[in-house]
Every structure is written in structure tokens, then in C-alpha cells.
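Sequence positions, counted from 1, serve as the residue numbers for this chain.
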Amino acid sequence: MQRTIRTIKNLVFAFALFNLASGCKTAQQHPITSTNISTIRASIDLVNVKDDKVKVEIQIDNLNLDTISYYLPKIVPGTYQNNNFGKYVDDLKAFDHQGNSIYVQKHGDNRWKITNAKQLDKITYWVNDTFDSESSHDIFSPTGSNIIKDKNFILNLYAFIGYFDGMKENKYKVFIKHPSFLEASTSVEEILFENVSNTSKNDIDYFAFKRYADVADNPIMYSSPDKASFKINDIEVLLSVYSKNKTHKAARIMSQMERMIRAQKNFLGDINSTKKYSILLYLSSAKSDDAQGFGALEHNTSTVVVLPESLSHEKLNEALTDVVSHEFFHIVTPLTIHSKEIHNFDYNNPKMSEHLWLYEGTTEYFSMLFQITQGLITKDEFFERIVGKIEASSSFDDSIAFATMSKNILVNPYHNSYRNVYEKGALISMCLDIIMRERSDGIYGLLDLIKNLSVRYGIDVPFDDKELIEAIKEDSYPEVSAFLQTHVMNNTPIDYEFYLNKAGVLYGIKNEPSSYFIFKQEPFVTGSEVTKEVIFTSDIPFNSFLKELGILEGDVLLSINKKEYNLNNIYDLFGDSNKWKIGDKITFKIKRNNEIMTLKSNVTKPTIEKIILEQDPKASEQQKIILKKWIND
């Protein structure tokens, strides 16, 4: 973010919530000019927290409209479900310049219509957080918000600050009042005020944004400082950690993060779209009043990561390597290469791109590939990760064209397949990489294609969805575009054995013994804290018994041989099934799409089909060359 300093002639208009004279940092000597009338000023008060809520004030001048609508996002980029952040806004009020109330009417979850907008001076409201109420909603933790007075604030700013209709391109000034013992961690640079001393227990941070998309794209974490930073070539990386019990420290985690990101930069080469990258790590107690959705959310120059505090140092490093490496690669897609749907994102009436295989699939693939090419994992570990993707992808409906699923990802039945963008999406990218390696005698691969596409388009030049495949054909080979037309735009299943064989990798199948409801500590069922139901939901294919019985992912288990099961006795499933005898009759009662169904069978010995990948000892010289150039073997 470009650093700009301006003189404020009248500080009162900038934020009614705050006392600037007692709250701002000492500053460099730079002039600050009066606010442009097109600029929207947002103030967030992290000091006077009430009922686990913070107050927000939005100021705007000189509207020439009779009515105007104010919105909080329904959805934000990088997520594939409607989250309706307006649900967490309470008591929204509008005022004129004399402090008189202006009539406001709420429409749906995320829109407030304001009449007599020509007189509008400001709106105020209170915002609740999401971390402590996750049993009542589906907002993924890194996408949400956290308010712990005097301790921690996770500010995904789109959950606190909205936009006016038709004004998403307006500039924003954001003022955040906070206790002075808490510090901001973010990739956006703070703007410092002139000649203001800090004499109070509170402080005010000031950030400027070119448009609403930049507000939404720059999360901020406030906490007692536990930070570490390092430079990788010309990228400054910040690691900021909140660990309530001080179980983990940034200084101890930093070495693994530096090693990983250095390997990523070596892998990417001269692709560079950011000068600063921030990793905001929140370590959760995982209790019912704390975050329980573990993972990360992409932002162009940062990522919010939520993981359990109880992880050992070794397991935390492993989780961070997998999670953060994926998010870091988003500096390529979609930061550098993206469609018009992403560039002009509609937060309340979103139009999704056909090419999630590019945004999430390529990103996930690179997060695996760089680890083998840079020596962070072994060849066998890399092959095992490919196997995991193939197995996980097999649990989704392969008759749906991937592009159709991507375009309609927010609605069912397509939404139920959104996790496949990380599974089949990565495999699509793998096949493209192998095709290009074969056509170029190993010289040209997917990363080279991405580099060329980043030159063709770039941050400020979005592509048209319908034109991308032709552009890929021009920058690669006809076989690549043919693959995309056949297996992405249309619904022809991919023969992974065929493509892996091009690199001299043998693909085989073997059966392994399984328990009825768990395989190698990976259960086929989970319990819902909200409904108390037992649900079949597995990232690995069901065993032969469950498949033959007709169980599908998402089915709710009601009873087996008239014994009812729910969250309270879910562990009985494992003990009860150990008593079954081969050949006994068995009856499952399930609920599928709110319809009660009865499934009958005889007990059989459960097995899991496991895919085996190994290097072909009889590979040709061409296959050996392709493999070497593909994984740096």
C-alpha cells in the first residue's frame, strides 16, 4: 500500500468516536490536507467494547441522492458460501449534520436503505463477532471475526465496514481506536499523524485504502505483540501470533516459516506481486466459545490462519507448512491472474468464475509441487499426496462438469462439491503440467504457463472467462486446451493412470482391511454439535461394506438394527460394529435430503481400495526426462 501523509485541518469530522489529541502516535513531519468529499471515513472503537461488540461509525459528505443503501457483504472473495455479515450488525442508525436521526429501513440481512440521503452525515452501529458462536452458523473461522476485550481482535474488515451503493470505488480512511498495549499486525501501512504525542492509555491507527476491495482484502489482528519478521529477496514477511496461554511463540515458529517461504520464492522465480506478506496466526482453545474451523483464508498480501493451540510444535509447523504455503501462492492466482468476476467482485450479488481449477486447483497443486522440487518432502511423500487427492476427489460427483460446478458453486447441488476444487482442481493442474512437460521434452511446465499468463494479464487486467482457454492454447499447446475443453468445460472423467504413465509413474490398486466406521484413524462419520446427528462425511472413500450398502456422504445415521445413534453415543458405533458377524442381516435407517430411508444388507468384511503410485523401473528415457523436469528428481 502506498504510504501517504496528509494534514487534517479539522480533526473532529474525521472520527466522532475518538479523541485524536490524546490517542495518536508520534509522527514524521508530513503535511495532511483536508479530506476529499469522495472519501468515506470509517472508525472502529476497540476500547469501549460492550456486550462483546464494538462500535463502528461511517461518515460521508455531500451526497446528491434522495436515498442510498449501505451494505455489509453477503460473501467475500476466497469463500464459496454466503456468510451474510450483516447478521452481526446491531442498532444501525443514521444522523444528519445537526445530529438528528434519519430514517433507516433494513432489507434482508445485509442492506440498510437510508432516506433523505442529501442530509446524511454519518451512520453508527455495533458489530458482534463470530468466533464465540460458531455452533450457530457456518462461517469458517479464518473468514470471521474475533472480539476479546483487551486481548485479541481479528478484524476481517469486511465484517465491520461496508459500502454504499455505487460507491465501492471510493477511497476509504479507516481509524481504529485501541488500547495502547495492543498492536496492529497487517500488510497495509499505517499512516502517521503530524505532531501528536501519545499521552493516554489508548491509541488510534489510521489506514488509507484506494477502494472497498482493498478494505476487504487487508485483515488486521490486534494483540499483545508477539511478532517476527524476515526478508525473502525483496519480500518482507511478518509472522504475528496470538496464543492465549503462550504455548507457541513467533520467534520459535519463524525459522520453519522462513525456510518454507524461501523455498516457495525459489520455486516461483521472478514472479513477484507483493512487497509485504503477513501471516496472522490465531491459536484457538477449540472450546465451544472459541474458533473451531481450522485452516486459513487467502488475501492478496496476507493470510488469516486459525489452528488449535494444543498442537505440538512439530505438528503446528506441519500444519502451517501445508496451510500457509497454499495461501502464499495466491499472490499468483488470483492476485496476478484473475477474471472479471474476481476483479469486479459483487459482494451481495456475486457472479462466480468458471475457472476455480486455476484459482484454487493450481494454487493447491503448487503447494504440493514446490515441496518436492525444493527438497522439503520425499518422492514417496509427494506420490502419497497425489493418491490422497485422487481418493478424496472420488467421493464427489464426477458427472458434473468442473466449470459448471465452479460457476454455480454457491448453490446446490454444486455447493456440496466445493471442496473438490482443492482435490480434483489440483489433479487437473497436475495433468496439465505433465502434458506440457511431455510436449516440450521437460522444458516447459505449468509454472512457465502461469508466468506467461501473468505477463499477458497482470493485476490490473482481468481476463474474460470465455477467452482464457484460447489464451492458454496460445501460450502452451493445443493438447492443453483440448484437455481443458474435455475434462473441465465438459464432464469427461480424467484417466489419471494415463497421464501419470507419461512421467513413468505406475498406477495400481490394492485392497486393505478396514473397520466399519473408521480407517487408519480417519472416521467415516462425524457428530453435529448443532443437531446432535451422526453424519457420514469422509475425506476418503467409504469402505466396501458402506459402499455396497448404499451410504452416501451427507447421509444422517438414525439407527442400526433399531438401536438409535446420535452425538451422545457416537462412539458406540465403533464398539458395536466390532461385535458384528460376517453374514448377519443388518438394517440401517438413514435420513437423506430430509427423506427417511431403510438400507438392508448382510454384514461383509470391509476393505478399502488403496491406490499405489511408484516409479516404473522400466521407464523409457523420455519418461525419465519428464519425471526429472516435473519433480526435480
Side-chain angles (χ1 to χ4, degrees), residues 78-79 129-135 137-148 151-156 159 185-187 219-230 237-261 263-264 277-299 302-330 360 363-364 367-368 371 376-377 385 388 419 422 521-523 526 529 539:
T79 62
D129 62 346
T130 66
F131 276 19
D132 58 6
S133 59
E134 292 194 342
S135 63
H137 62 75
D138 295 325
I139 295 178
F140 181 44
S141 300
T143 310
S145 57
N146 192 42
I147 298 171
I148 306 177
K151 293 182 179 179
N152 177 268
F153 297 88
I154 299 292
L155 305 183
N156 275 309
S185 298
T186 182
S187 284
I220 305 173
M221 181 170 78
Y222 280 90
S223 57
S224 296
D226 181 13
K227 305 178 184 180
S229 61
F230 51 90
V237 181
L238 168 68
L239 170 64
S240 182
V241 177
Y242 175 75
S243 178
K244 177 182 177 181
N245 298 306
K246 313 298 181 185
T247 306
H248 299 282
K249 292 283 190 178
R252 191 174 182 213
I253 301 170
M254 183 185 73
S255 59
Q256 173 64 14
M257 289 294 93
E258 183 173 5
R259 177 172 177 252
M260 178 193 73
I261 294 179
Q264 289 184 276
Y277 193 83
S278 297
I279 303 165
L280 311 182
L281 174 60
Y282 178 89
L283 295 172
S284 168
S285 68
K287 295 180 179 178
S288 58
D289 62 347
D290 205 351
Q292 299 178 55
F294 303 128
L297 176 67
E298 73 186 66
H299 294 276
S302 60
T303 181
V304 176
V305 186
V306 178
L307 291 170
E309 190 179 31
S310 60
L311 288 176
S312 67
H313 177 69
E314 180 182 12
K315 292 297 183 183
L316 179 62
N317 275 337
E318 289 178 8
L320 284 170
T321 298
D322 286 338
V323 170
V324 176
S325 63
H326 175 100
E327 305 306 330
F328 181 81
F329 278 127
H330 277 301
E360 296 295 350
T363 301
E364 179 69 6
S367 74
M368 296 192 305
Q371 293 189 57
L376 300 184
I377 59 175
R385 295 187 184 195
R419 285 189 295 116
Y422 305 100
Q521 300 183 338
E522 293 283 349
T526 188
E529 290 284 351
D539 289 333

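- Not a single donor-acceptor pair under 3.5 Å links the side chain of Ser240 to the backbone N or O of Leu280.
- Scanning both residues, Ala228 and Met254, for their nearest heavy atoms gives CB-SD, 3.5 Å.
- Using a 4.5 Å cut-off on side-chain heavy atoms (C-beta onward), Tyr242 and Ile154 make no contact.
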(request) Kindly indicate, with the supporting measurements, whether the criterion side chain to side chain contact (heavy atoms under 4.5 Å, CB included) is fulfilled by Ile279 and Met257. (result) CA-CA 9 Å; Ile279 303 165; Met257 289 294 93; 4.0 Å; yes
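- Once rounded to the nearest 0.5 Å, the distance linking OG of Ser312 with CD of Glu318 reads 7.5 Å.
- Here the CZ atom belonging to Arg259 is positioned 12.0 Å from the CD atom belonging to Gln264, to the nearest 0.5 angstrom.
- Looking at Asp129, Asn156, Thr130 one by one, the single match for side-chain contact (heavy atoms from CB on, under 4.5 Å) with Asn146 turns out to be Asp129.
- The two residues Ala250 and Leu239 come nearest to each other via the heavy atoms O-CD2, 3.7 Å.
- No side-chain donor-acceptor contact under 3.5 Å links Glu258 to the backbone of Phe230.
- The distance from atom CD of Glu364 to atom NE2 of His330, rounded to the nearest 0.5 Å, is 8.5 Å.
- Within a 6.0 Å radius of NZ in Lys227, more than 12 heavy atoms belonging to other residues, nucleotides or ligands are found.
- When each of Val305, Asp226, Val304 is checked for a side-chain contact (heavy atoms from CB on, under 4.5 Å) with Leu281, only Val305 meets the rule.
- A donor and an acceptor atom, one from each side chain of Glu134 and Ser141, are located under 3.5 Å apart.
- A heavy-atom distance below 4.5 Å is not found between the side chains of Leu283 and Thr247.
- Between Pro142 and Gly295, the closest heavy-atom pair is CG-O, 3.5 Å.
- Distance check: Lys244 NZ to Glu309 CD gives 8.5 Å after rounding to the nearest 0.5 Å.
- In this structure, Leu238 CG and Ser302 OG are separated by 9.5 Å, a value rounded to the nearest 0.5 Å.
- Note on ring orientation: taking the six-membered ring where Trp is involved, the planes of Tyr277 and Phe328 are perpendicular (angle over 60°, cut-offs 30° and 60°).
- Looking at every heavy atom in both residues, Ile377 comes nearest to Arg385 through CG2-NH2, 3.8 Å.
- Remark: side-chain polar atoms of Glu327 are paired, donor with acceptor, to backbone N or O of Glu298 under 3.5 angstrom.
- When side chains are defined from C-beta on, Ser223 does not count as touching Tyr282, because their heavy atoms never get closer than 4.5 Å.
- A side-chain donor-acceptor contact under 3.5 Å links Thr303 to the backbone of Leu297.
- Checked by atom type and distance alone, the side chain of Thr186 pairs as donor or acceptor with a backbone atom of Pro219 at under 3.5 Å.
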(message) side chain to side chain contact (heavy atoms under 4.5 Å, CB included), that's the test. Do Gln371 and Ser325 meet it? Break it down for me.
(response) CA-CA 9 Å; Gln371 293 189 57; Ser325 63; 4.3 Å; yes
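- In this structure, a donor-acceptor pair under 3.5 Å is present between the side chains of His326 and Glu360.
- A pairwise comparison of heavy atoms in Phe153 and Ile147 identifies CE2-CG2, 3.7 Å as the closest pair.
- Closest approach of Phe294 to Ser284, counting heavy atoms only: CE2-CB, 4.1 Å.
- Counting heavy atoms from C-beta on, the side chains of Asn152 and Met221 come closer than 4.5 Å.
- Taking CG of Leu320 as the reference point, atom CD1 of Ile253 lies at 6.0 Å (rounded to 0.5 Å).
- Inspection of the Ser278 and Ser187 side chains reveals an N or O donor paired with an N or O acceptor under 3.5 Å.
- Proximity of Leu155 to Tyr222: side-chain heavy atoms (C-beta onward) are separated by under 4.5 Å at one or more points.
- Between Thr321 and Gln256 the shortest side-chain heavy-atom distance falls below 4.5 Å.
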